[in-house]
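Only one structure is covered here, and it is reproduced in the block below.
As the structure lists them, so they are numbered: ligands from 1, and atoms in each ligand from 1.
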Amino acid sequence: MKVVIIGAGVAGLSIGWKLREGGADVLILERAQPARAATWAAAGMIAPTAETAHAHPDETPFARRSAALWPEFAAKIEEKSGRKIGYRRDGALMVARSEDEARQIASRSNRELLTADEARAREPLLGSAIAGALWDAEEAQVDSRALGAALTNVFVRAGGKLSVNEAAVRIEVGDGWLGATTPFTTHVADKVLVAAGAWSGRIEMDDNVLPPVRPVKGEVLALVPPQGALLPAQVVWGNGVYLVPREGRLLIGATMEEVGFDTRLTDAAENWLTDRAVSLMPSLANWTIDEHWAGLRPAAPDGLPVLGETSVKNLFVATGQFRNGILFAPAVAETVSRLILGLDAPEIRAFSPQRFGKAP
Ligand code: GLY
């Protein structure tokens, strides 16, 4: 079976790897460089408790299942690529700044809330303006840039073909075949998977069945501490931002901006992120901004993932991961690769690509 995948992000690469393991002949078409869009921009939290506060009932179990798959997924990627990807299950603190917020955070878990003093004992950088915190020892993180590079390596070592700087602009539907047309040629395949993140709805088709995903920009900062200052020992969420210790830096994310495909960095975002972080951890005011970047999350109108076969036979989609592309990666890889290989896979109706009907 020949499969063409459009998009070499964390989803396309990991599904491609699983398809190779299942014996398929796989070509990934990437419009730029592999894992350099949302995957590269992601802060890499594997945070089913922190990220599913307002989740759909089908999304929470999917997030939990994926988080449970992560340790083995990470170990296999490291083993097969020979590279470290920084998977760490150090837990996360979800900080409340008022009693009201503390009640909301407490409802996410059956764990007991820490008092403000207990939270500061766990994370001494926290300031005085906090009411308590939820501590979840299961939350994890991975270095998404190292993950992207390692997954690319794993896919290619598994015999997958990757064509970079080759954007699929159109999908052809033939009699028993599908084609992905690029500026160079039409790649004919038995099955096509669109895993192009925020670009997934932008590929032309005569009868367009691709989901109407839109980009939601997130800007992120990385701070370096002054000499002698320690990084937090775990991920900290609070005041509308998250703080992720990684390789000597502290990542602060992220904005949620609906500005189309514009990824320009703004002073307003930089100020918003630093103000929020400093009011949570006052000493961060003395840290230095080392990097500022932006990425585009793929969001479906209902905010849910879009996974599975479209109404065109053999045309599949894996997009709409929104804020959870890294968290969902192992479960997306397992589910979508099994569907494409014609194996049993748990069907999640709420995630069906067929729920949107056809584009006008
Ligand atoms: N998962 C974090 C974000 O999308 O900003």
List every atom of ligand 1 that sits less than 4.0 Å from any heavy atom of E51, numbering the atoms from 1 in the order shown and giving each element.
->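 Near E51, meaning under 4.0 Å from one of its heavy atoms, ligand 1 has 1 (N), 2 (C).
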Taking only heavy atoms of A254 into account, list the atoms of ligand 1 that are under 4.0 Å away from them.
->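 Atoms satisfying the 4.0 Å criterion: 5 (O).
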Does any donor atom in the side chain of T181 or E172 lie under 3.5 Å from an acceptor atom in the other side chain?
->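 A donor-acceptor contact under 3.5 Å links the two side chains.
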So, T49 versus R64: side-chain donor-acceptor pair below 3.5 Å or not?
->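 R64 and T49 do have a side-chain donor-acceptor pair below 3.5 Å.
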State whether W135 and R122 meet the cation-pi test: NZ (Lys) or CZ (Arg) under 6.0 Å from the six-membered ring centroid, and within 45° of the perpendicular axis.
->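 Yes, a cation-pi geometry holds between R122 and W135.
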What's the shortest distance from atom 3 (C) of ligand 1 to any protein heavy atom, and which residue and atom give it?
->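 Going atom by atom, the protein heavy atom closest to atom 3 (C) of ligand 1 ends up being Y242 OH, 3.2 Å.
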Minimum-distance protein heavy atom relative to atom 4 (O) of ligand 1 |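 Atom 4 (O) of ligand 1 sits closest to the protein heavy atom R297 NE, 2.7 Å.
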Pair W237 and Y242, ring centroids less than 6.0 Å apart =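 Between W237 and Y242, the centre distance is under 6.0 Å.
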Where's the contact between M256 and ligand 1, heavy-atom distance under 4.0 Å: side chain, backbone, both or neither?
->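 For M256, there is no contact with ligand 1 at all, from either part.
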Taking heavy atoms and a distance under 4.0 Å, where does F322 meet ligand 1: side chain, backbone, both or neither?
->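 No part of F322 comes within reach of ligand 1.
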Could you give me the CA-CA distance, side-chain angles and deciding distance for D143 and K84, then say whether salt bridge (charged side-chain N to carboxylate O under 4.0 Å, His left out) is met?
-> CA-CA 9 Å; D143 180 336; K84 292 280 173 214; over 6 Å; no
